[in-house]
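Reviewing the structure listed below.
As the structure lists them, so they are numbered: ligands from 1, and atoms in each ligand from 1.
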Amino acid sequence: MAEFDLIERIRARVAARADVRLGIGDDAALLAPPPGHELAFAADTLNAGIHFPPHTDPVAIGWKALAVNLSDLAAMGARPAWCSLSLSLPEADAGWLDGFLDGFFELAGLHELALVGGDTTRGPLSLAVSVIGLVEAGSALQRAHARAGDEVWVSGHLGDAAAALAQWQAGGPVMPELRTRLERPQPRIALGRALRGLAHACIDLSDGLVADLGHICRASGLGARIEVEALPCSPALAELAVDAGQRLAWQVAGGDDYELCFSAPPQSRPALEALSRDLGLALSCIGAMVPGSGVQLLREGRPWQAPRRGFEHFTGA
Ligand code: ADP
Ligand code: MG
């Protein structure tokens, strides 16, 4: 297949959106943002061998390549609108591409996201996605807006993806519930939208709680104190026969959770509890923003050291 045929295969599956005046096929797309909105832009790349093992199911890669980007929009409180897809493929394999597009478009369809352009080249397998979301002017959630006295919350459960990765790396069977969390993260778009006005600062958890909450701390000029007993644990993770220290390590430092971590004033608590019921999504208060710097972990009231930090690309740690 030639480059043109690959692009045509992609274009044929794109859903229409009224605000896409000109989509795939010209030198650039033409998009019509509604008045009174800001555009939230984010880009994230997945590389074979770095972000996923080379022979991962293409459907899972397609879902995740988009999910990690939508998670960034969720953390800003933005509504997904448009995206681009730059593919670097070792060969023009229609079967692989179709699988990839199955995963990609399944998730895009859930959020009425339109693919409006991209690039297709030959090279090592790499998927570079960018997304644009819409957010009412002035209302986006930002890392720098935490205040001392805010409570710190997280959505869903922490540590499942890291546990799945550890099981996979150990060469044994991977628990299906954990594997789903690693391969099919759910971007928390509805939560991010609802947090505008309730939360002060927000971030999505891609590199682990300590690393990512650390970004809120630095940007806001504050510290955070976290009670590790309060970290939400899924039934599947609780069932694993590992010691509590290992489980906590996955929960505080494991990456790939794609939950939201946010700080909110104590008076938001009743609204957050109601929101959790409405969304059918656990929201757990795990600590507080405090004067100072850095993330301090407490276990049974005593300082506790996490065994390892979140993943950092260039030091490889
Ligand atoms: P140009 O040479 O002008 O950059 P291309 O031949 O690269 O154009 O792309 C032709 C059209 O197809 C453009 O509208 C581009 O955005 C779109 N396109 C190319 N690759 C992809 C892709 N992987 N996904 C979505 N759209 C793509
Ligand atoms: Mg091009």
> Arg122 and Glu91: salt bridge (Lys or Arg N to Asp or Glu O under 4.0 Å), yes or no, with the steps?
Replying inline: CA-CA 7 Å; Arg122 183 193 291 274; Glu91 54 187 333; over 6 Å; no
> For atom CH2 of Trp96, is the number of surrounding heavy atoms from other residues, nucleotides or ligands below 6.0 Å larger than 12?
Replying inline: yes
>> Under 4.0 Å from a heavy atom of Ile10: which atoms of ligand 1 are those, numbered in the order shown and with their elements?
In response: 22 (C), 23 (N), 24 (N)
>> Applying a heavy-atom cut-off of 4.0 Å, say which part of Ile7 lies close to ligand 1: side chain, backbone, both or neither.
In response: side chain
>> Are any of the N/O atoms on Leu87, whether in the backbone or the side chain, positioned under 3.5 angstrom from an N/O atom of ligand 1?
In response: no
>> Show me which atoms of ligand 1 lie under 4.0 Å from any heavy atom of Gly25.
In response: 11 (C), 13 (C), 14 (O)
>> Between Asn69 and Ala65 (side chain of the first, backbone of the second, donor and acceptor by atom type, cut-off under 3.5 Å), is there such a pair?
In response: yes
>> When you compare ligand 1 with Asp119, is there at least one nitrogen or oxygen pair between them that comes in under 3.5 angstrom?
In response: yes
> Passes side chain to side chain donor-acceptor pair (under 3.5 Å), Glu259 versus Ser155? Steps please.
Replying inline: CA-CA 6 Å; Glu259 295 297 344; Ser155 63; 2.6 Å; yes
> Just how far is it from atom CG of Leu66 to atom CG of Leu115, taken to the nearest 0.5 Å?
Replying inline: 9.0 Å
> Once you round to the nearest 0.5 Å, how far does CG of Leu70 lie from CG of Leu107?
Replying inline: 5.0 Å
>> Which option wins on minimum heavy-atom distance to atom 13 (C) of ligand 1: Asp26, Leu101, Ile24, Val129?
In response: Asp26
> Are Lys64 and Asp256 ion-paired here, with the side-chain N under 4.0 Å from a carboxylate O?
Replying inline: yes
> atom 25 (C) of ligand 1: which of Gly117, Gly23, Ala29 has the nearest heavy atom?
Replying inline: Gly117
> At a 4.0 Å threshold, what atoms of ligand 1 neighbour a non-hydrogen atom of Asp27?
Replying inline: 3 (O)
> Which atoms of ligand 1 sit under 4.0 Å from any heavy atom of Thr120?
Replying inline: 19 (C), 20 (N), 21 (C), 22 (C), 23 (N)
> Would one find an N or O of Gly118, backbone or side chain, under 3.5 Å from an N or O of ligand 1?
Replying inline: yes
> Between Glu3 and ligand 1, which part of the residue brings a heavy atom under 4.0 Å of the ligand: side chain, backbone, both or neither?
Replying inline: side chain
>> For the residue pair Trp250 / Asp160, report whether a side-chain donor-acceptor contact shorter than 3.5 Å exists.
In response: no
